[in-house]
Amino acid sequence: MRGGALRHRARALLAGVMLCLAPVAVASELAILTGGTSGVYYPVGQALKVLLEESIPEHRFRVISTQASVENLNLLQRGAGVLALAQGDILADAWAGRPEAGFAAARDKIRLLGAAYPDFIHLLARTDAGIVALEDLAGKRVSVGAARSGTEISARALLGAAGLSYADLLQVEYLHYGEGVERLVSGDLDAVIISAGLGVAAVGEAARRTAVSFVPIAPQLMTASSRFQPIAIPPGSYPGQAEPVPTAALNNFFVTSADVPEALVYRITRAIYDNLDRIHAAHPAARAIRLEHALATRPVEAHPGALRYFRELGLAESP
């Protein structure tokens with residue numbers, strides 16, 4: 001009898017411990033990796049958090065502001081996130097393990113979830129700086145984006161296409177969008193390079209607060225780099241911008257890790273692409289996300305959970 005009573009008490013104690021631990025498990029947070037708070041990744045990430053917590057109520061999600069694409073992919077490789085945004089060209093660099101892009105080895109755990117929206121290169125200059133073309137950045141003070149971010153890697157590629165390097169600039173600053181704009185408005189910088197979706201808050205802020213010009217990037221420069229496609233910033237995208245601005249574009253993607261379970265990735269993918277109207281409302285740039293374009297380009301291997309969702313819609317091939 002005594003042994004039976006002890007076993008009964010032990011089972012009761014274990015049940016109590018499990019009951020106490022249950023809220024902790026339910027409340028565990030899964031990281032959504034984004035970018036600087038003044039860019040586009042961050043507000044899209046905030047919308048994703050709300051949507052995913054409604055669709056997958058047994059989990060809590062946390063939005064992390066990061067240095068964007070490169071840091072996001074390195075964090076995914078280490079298992080420090082379940083969902084991230086990243087530029088397609090940086091995805092290819094990570095998959096190949098290119099050290100010059102910030103990847104000491106191949107990031108073989110990253111997996112594609114689906115396409116997001118395009119980034120536009122915004123080359124913004126003070127009107128009193130005398131910058132009317134990319135080549136005019138020689139001898140100027142320029143913010144090229146946060147160090148090893150997608151913007152900064154794009155800035156290096158663009159300068160190289162124009163026959164320039166950082167050594168040709170008078171001053172190089174590695175700043176987030178908001179910091180770069182503050183320095184531009186104060187007159188401490190001549191230009192900023194920002195790679196982001198249309199309607200990025202920092203660019204609008206600069207255009208409202210000081211006299212700036214949107215510097216065109218000639219289409220022929222893009223032939224020197226496969227990273228970019230020619231595009232134009234539509235007129236009226238920002239205060240005082242009356243004309244279209246020729247520039248370069250890159251695609252963004254939703255990505256995850258091979259270590260995230262297939263069932264969870266399936267539910268994340270379904271939550272995003274079944275509710276695109278809500279993602280579109282998060283930021284003007286997000287309106288370019290389209291279900292039919294989700295797997296049109298695959299810079300890295302797609303996650304089985306995402307493929308399962310797209311196969312159900314007839315948008316992916318059967319295994």
Side-chain angles (χ1 to χ4, degrees), residues 17-35 37 39-66 68-69 71-86 91 107 109-117 197 252-283 285-295 298 300-316 319:
V17 170
M18 294 303 291
L19 183 63
C20 291
L21 288 177
V24 176
V26 170
S28 63
E29 292 183 319
L30 304 178
I32 301 171
L33 308 172
T34 61
T37 56
V40 179
Y41 283 4
Y42 189 77
V44 170
Q46 293 286 3
L48 289 170
K49 168 183 162 63
V50 174
L51 181 59
L52 293 177
E53 287 186 342
E54 290 178 6
S55 303
I56 312 173
E58 66 270 30
H59 290 297
R60 292 291 176 265
F61 291 82
R62 182 163 56 112
V63 178
I64 308 294
S65 174
T66 69
S69 295
E71 184 177 7
N72 290 351
L73 298 177
N74 282 326
L75 287 170
L76 280 183
Q77 180 73 17
R78 298 204 300 268
V82 298
L83 179 62
L85 282 148
L91 273 171
R107 299 318 188 216
K109 289 187 177 182
I110 58 175
R111 294 293 184 272
L112 182 69
L113 194 147
Y117 59 88
N252 287 293
F253 294 85
F254 297 114
V255 287
T256 185
S257 165
D259 292 337
V260 182
E262 179 179 335
L264 179 56
V265 173
Y266 170 81
R267 294 175 72 189
I268 290 173
T269 309
R270 184 176 65 184
I272 293 172
Y273 288 96
D274 276 4
N275 296 280
L276 283 181
D277 55 336
R278 295 179 59 181
I279 305 297
H280 292 169
H283 194 281
R287 296 172 193 159
I289 304 173
R290 294 287 182 270
L291 175 63
E292 60 270 24
H293 298 158
L295 294 181
R298 305 185 195 183
V300 299
E301 184 179 329
H303 195 286
L307 287 175
R308 176 182 157 199
Y309 169 79
F310 292 117
R311 285 186 186 117
E312 289 179 354
L313 300 178
L315 296 174

Contact summary for V40 and A285, nearest pair of heavy atoms: CG1-CB, 3.9 Å

Considering all heavy atoms, the nearest Y41-S69 contact: OH-OG, 3.5 Å

For L30 against L264, the heavy-atom pair lying closest together: CD1-CD2, 4.0 Å

Min side-chain heavy-atom separation V50-E54 under 4.5 Å: yes

Candidate list L83, V82, V255, test side-chain contact (heavy atoms from CB on, under 4.5 Å), partner L113, passing option: L83

Candidate pair V260 and L76, rule side chain to side chain contact (heavy atoms under 4.5 Å, CB included), full reasoning: CA-CA 10 Å; V260 182; L76 280 183; over 6 Å; no

Interatomic distance, F61 atom CZ to E53 atom CD [nearest 0.5 angstrom]: 7.0 Å

Side chain to side chain contact (heavy atoms under 4.5 Å, CB included) evaluation trace for R290 with H280: CA-CA 10 Å; R290 294 287 182 270; H280 292 169; 3.5 Å; yes

Over all atoms of both residues, closest heavy-atom pair of A115 and F253: CA-CD2, 3.5 Å

From E292 atom CD to L315 atom CG, the distance as rounded to the nearest 0.5 Å: 8.5 Å

Between OG on residue S55 and CG on residue L48, distance to nearest 0.5 Å: 10.5 Å

Minimal non-hydrogen separation, A271 against L52, with atom names: CB-CD2, 3.7 Å

Donor-acceptor pair, side chain of T34 and main chain of I64, under 3.5 angstrom: yes

Spacing of L276 atom CG and R287 atom CZ [to the nearest 0.5 Å]: 13.5 Å

Partners passing salt bridge (Lys or Arg N to Asp or Glu O under 4.0 Å) against R62 (at least two apart in sequence or in another chain): E29

Smallest separation among heavy atoms of I272 and L51, with atom names: CA-CD2, 4.2 Å

ring-ring contact (aromatic ring centres under 6.0 Å, His included) partners for Y273, two or more places apart: F310

Spatial distance of atom OG1 (T66) from atom CG (L33) [nearest 0.5 Å]: 6.0 Å

Within residues 260-275 or reaching into it, pairs that qualify as salt bridge (charged side-chain N to carboxylate O under 4.0 Å, His left out) - sequence neighbours excluded: E58-R267

Pairwise side-chain contact, R78 with R107, heavy-atom cut-off 4.5 Å (strictly under): no

Spatial distance of atom CD1 (I268) from atom NE2 (H59) [nearest 0.5 Å]: 8.0 Å

